[in-house]
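For reference, the structure is listed below as structure tokens.
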Amino acid sequence: MTGTGQDLIRLSLAAAQTQATCLDAQDLAWMSCLVQMNRLEQLSPEQRGQSLCRALMAPYPRGFFEALRACGGLKRLLPELDLLFSQALPESGTATAAPNAGEVQLRVLGKLAASGAPLEQRLAGLLHRIGWAQTEGGQWGYRRLLARPGEVAQAALAALCERMDLPQAQLQLCRQLMQHRDPLLHLADGEPEAVLQLLQALGLPQHAHPPGQPRKPAPLTTLLHLCQLEHEAATGRASASFVQARWWQRMQAAVAAVPAPAAQPGERPNALSGAGSGARPDPAWHPAWHQAQLACLRQLLLHELPAQAQHPPPRPPRR
């Protein structure tokens, strides 16, 4: 019996073209043999990366990963994702809730594919939780301060990139989601300074952008959208309420409404707000403005944030 890793990838990609495509028993048996012959390990890093990107941009990407998992190839090509299928989720009380973290990632990927999302969003939606199944604290934020899920996930992504050549520019959003997902879900623990730092890094709207180009949304908007999709996928409810998104939008608007002092000649603008005319000055160079922003957030967090918006400790995962 002959065949290459590319043949195995080709059949898996065929399953990603439409939801109606179903590989027969003969195809799966041949694919299993190729897996046992270590054909996937013979692919170059460039071939592995190209295969993953083609699968992510396919009309029905779930089919690619299900086909590989059925023949035992997923644990060879992408073991970080395969491990997530063994990570149980806390009980949610809904019949359509996802049974494990791997299923959540495939549901998120399916929603992104249906909306025609770009590659960077699909990479982030699929990969941002890799590495969690290897940690004691990886159960949906359980013991999150001890587990440091962002560091764990980024270490797993670095190891993946050693085996697989992925476009680094398209991985930036994935790294941002790995780093900031936990504080986004927990509203930065209600600490005004932490909230302001996150907004300055991700959320302040651009007051200047290249002429002739559409205004690009702040990274915070995209990250909250991905968190919303994950929430819907985990609960099994479309358009499930995601209160954190509303609160981040309120805090973003409150900070943006604080009047900015006029930038002095030669003063450094905030690089995240865009250079040139109309850019907001760097708050670090204006202590009074920085304190005004903190006071605004403190008022919002202490007097208007309901206790229900903070995440309670999740129940232990079901066995």
Side-chain angles (χ1 to χ4, degrees), residues 89-90 92-93 101 104 108 121 124-125 128-129 132 135 137-154 173-206 217-235 237 239-258 270 272-273 280 283-284 289-315 317:
L89 301 182
S92 68
V104 169
V108 171
Q121 291 189 25
H128 75 272
R129 285 177 60 89
W132 277 47
T135 68
Q139 296 290 350
W140 278 78
Y142 181 61
R143 296 175 63 188
R144 62 190 178 88
L145 295 179
L146 178 62
R148 296 177 182 174
E151 296 178 13
V152 171
Q154 293 201 57
L173 182 66
C174 183
R175 292 190 172 97
Q176 288 178 326
L177 187 56
M178 288 174 168
Q179 179 181 356
H180 300 300
R181 174 188 178 275
D182 193 66
L184 285 176
L185 292 182
H186 295 86
L187 300 179
D189 293 327
E191 295 290 339
E193 185 70 47
V195 169
L196 184 56
Q197 289 179 1
L198 192 57
L199 287 174
Q200 289 171 347
L202 297 175
L204 294 180
Q206 294 186 350
L220 177 64
T221 302
T222 304
L223 296 182
L224 288 175
H225 173 62
L226 292 173
C227 289
Q228 170 74 44
L229 293 181
E230 184 181 39
H231 181 61
E232 294 176 3
T235 60
R237 299 192 301 266
S239 302
S241 177
F242 185 60
V243 296
Q244 291 91 333
R246 294 197 298 271
W247 272 98
W248 279 107
Q249 291 161 1
R250 289 189 62 184
M251 293 186 292
Q252 181 187 43
V255 170
V258 177
N270 186 343
L272 291 176
S273 298
R280 293 167 69 92
W289 184 36
H290 181 77
Q291 291 302 319
Q293 291 175 322
L294 286 177
C296 179
L297 287 174
R298 194 173 293 112
Q299 175 73 20
L300 187 65
L301 289 167
L302 293 181
H303 299 288
E304 299 186 40
L305 180 65
Q308 293 87 339
Q310 299 285 352
H311 269 223
R315 289 178 289 177

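L301 has its side chain within reach of M251: a pair of non-hydrogen atoms, C-beta onward, lies under 4.5 Å apart. For the pair L177 and T222, the minimum side-chain heavy-atom distance is 4.5 Å or more. Counting only heavy atoms from C-beta outward, the side chains of E232 and R237 never approach each other to under 4.5 Å. Residues H225 and Q121 form a side-chain contact, since some pair of their non-hydrogen atoms from C-beta on lies under 4.5 Å apart. V152 has its side chain out of reach of M178: every pair of non-hydrogen atoms, C-beta onward, lies at least 4.5 Å apart. When side chains are defined from C-beta on, L202 does not count as touching T221, because their heavy atoms never get closer than 4.5 Å. In this structure the side chain of E191 never reaches within 4.5 angstrom of the side chain of Q197, judged on heavy atoms.
To the nearest 0.5 Å, atoms CD (Q176) and CG (L220) are separated by 10.0 Å. Residue W248 holds its CH2 atom at 6.5 Å from CG of L187, rounded to the nearest 0.5 Å. Of the inter-residue distances, the one linking L184 atom CG with Q179 atom CD reads 10.0 Å to the nearest 0.5 angstrom. R298 CZ to L196 CG: the interatomic distance, rounded to the nearest 0.5 Å, is 10.0 Å. The structure places CG of L297 at 11.5 Å from CZ of R250, a figure rounded to the nearest 0.5 Å.
Between the H231 side chain and the S241 main chain, a donor and an acceptor come within less than 3.5 Å of each other.
Checking each of L229, L185, T235 against F242 for a side chain to side chain contact (heavy atoms under 4.5 Å, CB included) leaves exactly one that passes, namely L185.
For V108 against A233, the heavy-atom pair with the smallest separation is CG2-CB, 3.9 Å.
Using modelled atom types, one finds a donor on one side chain and an acceptor on the other under 3.5 Å when comparing H128 with E230.
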